[in-house]
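So that the names make sense, note that chain A is the first sequence line, chain B the second, and so on, each numbered from 1.
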Amino acid sequence: MTFDTTLIISQLFNGLVWGIVLGLLAMGLTIIFGMMGVINFAHGALYLVGAYSAYTSIMACTQWMGAATGSFWIALVAAPIAVGLIGMVVEFFLLRRMYEREIIYQFLLTFGLTLVIQELVTIIWGGMPRSFPTPDLLQGVVDLGFMLYPKYRLFVLILTPLIMLAVWLLLVKTRYGAIIRAGTEDRDMVNLLGINVRRVFTVVFSIGAAMAGLAGVLAGPIIGSIQPDLGNSVLLASFVVVVVGGLGSFTGAIAGAILVGLVKAVTSMLWAEASNAIVFALMAVVLVFMPQGLLGKR
Amino acid sequence: MALLKTTKLLKYFGSLACVYYVDLEFEEGRIYSIIGPNGAGKTSLLNLISGHLAPSSGEITFRDRKIDGLESSQVSQLGIGRSFQLNNLFPALSVFENVRLAVQSRHPGRYNFFSNIGAYREVNEKADAIVDKIGLSPSSAKQAQYLSHGDKRLLEIGIALATDPALLLMDEPTSGMAPEETVMMLGFIRKLALEHTIIFIEHKMNIVMSISDQVIVMNQGRVIATGTPAAVQADPEVRRAYLGGID
Amino acid sequence: MKSVLRFLKDPFVVIAMVSIVFPFVFPFTDLATEMLIFGLLAVAFNLMLGYTGLLSFGHAALFGTGAYTMGILLVRFQVNIFLGMLASAGMAAAIALLIGWISIRRHGIYFAMLTLAFNEVFYFTLTQFRDLTGGEDGLRGIYRPDLVAGPASLSVQEPMRFYFFVLFIFLLSLLAMRRITGSPMGSVFKAIRENENRAESVGYKCRYYKIVAFVFSGFFAGLAGALFCIYIKYVSLSFCHWSLSGEVIIMALLGGIGSLYGPLIGAALVTLMQDILAGMWERWLLLLGIIFIIFVMFFQGGVWSGIEALSSRLFRKPEKKEIPA
Amino acid sequence: MLQVEAIHSYYGESYVVQGISMVLKEGEILTLLGRNGAGKTTTLRSIVGLKPPRRGKIVFMGREITRMKPFEVARLGIAMVPEERRIFSSLTVEENLKIGIQKGRVGRWTLESVQKLFPILRERRHHRGNQLSGGEQQILAIARALMGNPKFLILDEPSEGLAPLIIKLIAETIKSLSTEGMTILLVEQNVEMTLQIAHRHYVLDQGKIIYSDTNEGLKNNREIRDRYLSV
């Protein structure tokens with residue numbers, strides 16, 4: 001009996017960890033949508049790039065410095081920066097020309113981008129799965145008193161909310177954050193106040209992209225092995241999260257992520273194959289009965 | 001019997017009442033104008049009548065039939081036509097197609113999905129007649145988005161007319177028009193009044209005073225006066241709330 | 001002479017003529033057949049995006065429904081081919097009705113998300129009925145039946161014959177969709193695309209019309225699925241995967257969503273690229289993605305509007321867009 | 001200070017500004033009058049770079065700004081208070097003001113001095129933009145423009161839809177800003193108000209300037225007022 005409860009609790013914890021990683025992705029999506037009105041279909045691809053660039057950075061560090069000490073921590077910083085830069089390039093050369101167009105076209109542009117990025121990843125890293133190492137420091141398990149739980153997952157469970165909090169504070173408490181929020185409402189007016197809105201948008205998109213990249217790094221050791229179709233399922237899941245939580249709402253994204261993570265954990269205990277479909281069914285139900293999502297505005 | 005009647009009509013947006021206990025009666029065959037400063041609740045009142053908004057409480061009856069809570073398509077089918085303050089057209093369709101769509105909405109053929117649209121003679125003829133009536137025959141084949149502003153305003157009304165409304169709601173039909181166009185529009189509204197009951201929102205006082213039978217003055221969601229143009233102009237509360245600072 | 005010329009200016013006639021001659025010029029008959037089938041799917045899809053303004057991410061489910069229905073009817077009941085196709089299209093229309101009835105309540109991107117969600121749920125449902133669908137292994141044992149109508153029968157095993165059979169169905173469907181878009185109801189679809197609120201204000205219950213558009217679209221998408229099933233003699237879960245929905249969107253946009261025929265060109269191009277490039281380079285999707293991005297950004301009208309502009313120059317039609325005063 | 005030389009601007013396909021020229025001197029209050037659709041707002045949008053003219057030239061303090069982006073124009077010291085105020089409704093009053101700050105442009109106006117000028121902005125500093133009345137929004141919009149310490153202030157119909165008392169307050173503010181040396185370009189429908197504060201007027205009709213005169217001149221010209229400006 002005790003064995004069963006431990007199993008259930010650890011499954012719920014897994015759901016929570018997964019949910020919080022999704023939450024990070026969803027928050028990136030939300031920032032991009034909330035600030036720029038763009039539904040970023042390429043978010044999953046950016047997550048993919050995050051995971052792969054972290055992988056490469058870990059391998060490279062290991063090669064140079066011998067032992068794998070610290071290499072994960074370098075990747076944890078380097079990969080989001082790399083992905084953020086990619087986001088910057090994408091915004092600057094592609095998305096920027098699309099703001100005047102209907103939202104569907106921005107959606108389609110990022111959809112095409114997904115194809116391109118995913119293929120590029122396959123070309124660069126090959127189609128075979130690659131195993132993603134867990135950092136030495138976080139190997140093994142911790143005794144939580146009521147159960148043993150992998151150190152790394154616990155680490156993710158603690159670190160991710162801190163990052164979310166930091167981003168949230170940046171957006172809500174600083175003048176730059178106020179500018180970003182103002183930019184979502186009325187670009188022309190912000191421009192008229194002497195602020196280069198285009199640059200603000202570039203920054204916003206690259207922050208959102210970097211968050212997707214970070215989620216990719218953090219997820220690496222959890223999934224253990226990475227392959228080029230990694231982005232797809234995660235993309236769909238994070239869409240579900242933002243829709244369930246309420247498009248454009250931060251708290252909604254986090255609440256939605258945790259809900260989806262837990263639902264997924266519970267269903268994978270009861271009926272594993274159905275867990276994906278049930279998550280989507282959840283989204284459909286929310287959309288039909290609460291079109292603004294759980295915590296959406298308007 | 002009043003054609004249209006509102007009883008204790010109330011609409012809240014959040015905690016703000018944009019229409020506050022409005023009781024009005026509209027008789028058939030007259031021209032009513034609604035005036036008031038920005039944010040007085042004029043457009044909201046029109047939206048409540050036309051089914052674009054649902055009231056928070058209160059009742060609207062049209063020919064003794066309760067119409068509050070109906071969808072805008074149902075309200076339209078009952079015989080209330082609506083034109084909008086900002087042009088609300090089918091931009092990539094031609095003038096003729098814009099009007100024909102509205103005519104067709106009253107025709108049983110609208111459910112037909114397998115015959116050529118050109119085969120409905122009476123629909124096409126009526127659409128032509130209305131395009132002619134609003135004076136846009138020369139640009140009948142032009143896409144609505146390429147019309148001049150004044151012509152767009154006319155088409156806006158043409159679409160509303162094409163549904164054969166007994167009651168025509170017009171939101172600032174002359175907004176943004178040049179002086180000569182405004183004069184033409186006035187003549188047009190007078191002509192329409194022979195066949196339709198009209199309620200319209202207007203900012204230009206000389207227009208309001210010259211063509212309305214009844215003027216309704218709103219301020220902060222309330223109706224503060226109703227009556228003939230002369231009576232309303234003389235009303236001290238109206239002068240204070242609305243006319244005061246401007247003239 | 002003049003009437004002949006006008007006849008030739010009708011895009012439908014041109015398409016019919018080109019596709020009749022095509023297999024004699026183009027050496028890959030099977031590929032040509034595939035182009036027709038996906039062309040039908042893309043045009044069906046565009047009844048929604050191009051004509052009604054609804055972006056569906058669920059057309060893979062409708063295509064798959066058509067294919068599975070056809071496959072199952074063949075394997076289990078050895079059904080008549082025409083009956084089977086009708087049943088497949090009908091089944092897809094029914095699924096479209098179900099998905100549409102719920103999804104249509106939301107607009108824009110929410111609508112797209114809902115159709116995507118239903119596509120996923122549908123996909124999963126198929127994996128669960130393994131006895132019926134063959135699950136992950138796909139449905140096997142499908143054969144291409146002869147065309148049987150009363151006492152007459154005709155074999156379509158030979159590629160060229162099959163091509164013309166598909167072409168027959170294809171042209172029939174195209175004509176039907178042309179009637180639909182040119183009908184009074186078709187004009188309401190366009191009105192919804194242009195300005196749904198105003199359409200509602202003049203008295204159309206738009207929800208109803210949107211569902212009807214979805215059902216029509218589903219019917220022809222299902223038909224395309226059924227044709228694909230007897231073409232490839234196999235049905236797999238990948239037919240229902242949402243990435244196929246994505247591919248259809250790409251086809252439609254590349255060809256141009258502004259006309260009935262544009263998506264045909266897009267479908268033909270994508271199918272061709274898929275076959276030729278995929279043979280040369282495994283990662284051809286990269287090129288497809290880049291081309292797609294370029295079209296989304298710079299060629300809103302797609303290939304078709306380019307062709308139209310060219311042909312109007314050839315026939316010296318007066319400029320379509322009037323110059324405003 | 002500002003020279004507009006024969007600018008032509010289009011709105012979509014319609015030819016809205018048909019060769020407008022004007023000159024503004026430092027410290028002066030100039031108005032653009034005319035009916036709806038006369039091209040006033042488009043002229044303003046052309047000046048601040050939101051709608052660059054197709055032809056013509058705009059020079060501000062000796063620098064050509066014709067093709068500059070709006071934020072670059074703003075950084076030179078031109079502030080615009082647009083029609084409908086365009087307050088950021090989800091931001092607080094204080095955040096709205098802070099966004100108006102421009103680094104490198106310091107001067108008389110700071111959060112404190114603006115709040116001193118309009119005490120209501122201090123009282124309501126934690127309210128969101130959408131919780132303000134029309135008059136409060138107009139005040140906030142003006143204050144937000146001042147936060148960037150501009151040399152030249154453009155106001156598009158500041159009195160529109162406001163109560164007489166607020167209109168008076170705004171008119172007085174405009175006047176006192178001008179006595180402190182601010183150059184002001186005002187677009188108005190409310191002719192009475194502009195006659196009380198402006199130095200010179202231009203009257204626009206169908207995209208062209210059809211009349212220009214001093215304040216006294218317009219006051220005495222009944223014909224122009226009746227023909228183009230009567231409410």
Side-chain angles (χ1 to χ4, degrees), chain B residues 47 50-52 71-84 87-94 97-120 123 139 141-148 151 156 159-165 169, chain C residues 12 47 50-53 93 105 172-173 175-217 219-220 257-259 300-301 305 317-325:
Chain B
N47 283 340
S50 65
H52 288 86
E71 288 175 30
S72 61
S73 60
Q74 294 169 303
V75 174
S76 162
Q77 292 287 358
L78 288 175
I80 300 182
R82 165 88 198 257
S83 79
F84 294 83
N87 292 321
N88 196 354
L89 309 167
F90 304 106
L93 303 188
S94 73
E97 285 170 318
N98 267 272
V99 174
R100 181 174 63 188
L101 264 165
V103 175
Q104 182 190 283
S105 68
R106 296 299 182 275
H107 194 278
R110 66 182 180 277
Y111 297 118
N112 190 316
F113 57 83
F114 218 70
S115 63
N116 192 313
I117 190 166
Y120 286 89
V123 173
S139 7
K142 218 181 201 178
Q143 282 187 22
Q145 56 188 332
Y146 297 119
L147 293 178
S148 73
D151 287 352
E156 181 64 45
I159 293 174
L161 271 183
T163 60
D164 269 337
L169 309 173
Chain C
F12 178 79
L47 279 183
Y51 278 86
T52 324
R105 293 153 198 251
L172 224 54
S173 310
L175 269 182
M177 285 190 269
R178 186 162 91 151
R179 294 289 304 237
I180 291 169
T181 53
S183 72
M185 189 178 275
S187 75
V188 182
F189 293 163
K190 278 180 244 172
I192 292 171
R193 174 195 72 198
E194 289 293 307
N195 188 344
E196 185 173 349
N197 279 327
R198 189 62 191 254
E200 193 82 31
S201 297
V202 295
Y204 291 110
K205 227 183 178 110
C206 295
R207 213 181 319 143
Y208 164 79
Y209 290 90
K210 290 200 282 189
I211 293 174
V212 173
F214 208 150
V215 170
F216 280 137
S217 184
F219 182 89
F220 292 107
I257 59 170
S259 78
Q300 275 188 76
S305 69
K317 264 195 289 189
E319 272 290 299
K320 237 185 175 174
K321 267 185 199 164
E322 288 193 47
I323 299 149

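C/R179 has its side chain out of reach of B/F113: every pair of non-hydrogen atoms, C-beta onward, lies at least 4.5 Å apart. The side-chain heavy atoms of C/E194 and B/Q145, taken from C-beta on, include no pair separated by under 4.5 Å. Side-chain contact between C/R198 and B/F84 is present, with heavy atoms from C-beta onward closer than 4.5 Å. Contact check for B/E97 versus C/S187: no side-chain heavy atoms found under the 4.5 Å cut-off.
The minimum heavy-atom distance linking B/R106 with C/G203 is given by the pair NH1-CA, 4.2 Å. C/P184 and B/Y120 get closest at one heavy-atom pair: CG-CE1, 3.4 Å. Scanning all heavy atoms of the two residues, the minimum distance from C/N195 to B/L89 falls at ND2-O, 2.9 Å. Across all non-hydrogen atoms, the minimal contact from B/L101 to C/A191 is CD1-CB, 3.3 Å.
Heavy atoms of B/A160 lying under 4.5 Å from chain C belong to its backbone as well as its side chain. With a 4.5 Å cut-off on non-hydrogen atoms, B/T163 touches chain C through its side chain but not through its backbone. Residue contact with chain C, scored on non-hydrogen atoms closer than 4.5 Å, involves the backbone of B/R82 exclusively. Heavy atoms of B/H52 lying under 4.5 Å from chain C belong exclusively to its side chain.
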Quiz item: How far apart are the C-alpha atoms of B/R110 and C/Y209, what are their side-chain angles, what is the distance that settles it, and do they pass the side-chain contact (heavy atoms from CB on, under 4.5 Å) test?
Solution: CA-CA 10 Å; B/R110 66 182 180 277; C/Y209 290 90; 3.4 Å; yes
Quiz item: Given B/S73 and C/Y204, is the side-chain contact (heavy atoms from CB on, under 4.5 Å) satisfied, shown in steps?
Solution: CA-CA 6 Å; B/S73 60; C/Y204 291 110; 5.8 Å; no
Self-check item: Residues B/E71, C/K205; criterion side-chain contact (heavy atoms from CB on, under 4.5 Å); working and verdict
Solution: CA-CA 9 Å; B/E71 288 175 30; C/K205 227 183 178 110; 4.0 Å; yes
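Side chain to side chain, C/N197 and B/N88 fail the donor-acceptor criterion of an N or O pair below 3.5 Å.
Taking NZ of C/K190 as the start and CD1 of B/I117 as the end, the distance is 7.0 Å to the nearest 0.5 Å. Once rounded to the nearest 0.5 Å, the distance linking CG of B/N112 with OG of C/S183 reads 6.0 Å.
No more than 12 heavy atoms of other residues, nucleotides or ligands shown are found within 6.0 angstrom of CZ on C/R207.
Residue with the most contacts toward chain B among C/S201, C/C206, C/G186: C/S201 (heavy-atom pairs, distance under 4.5 Å).
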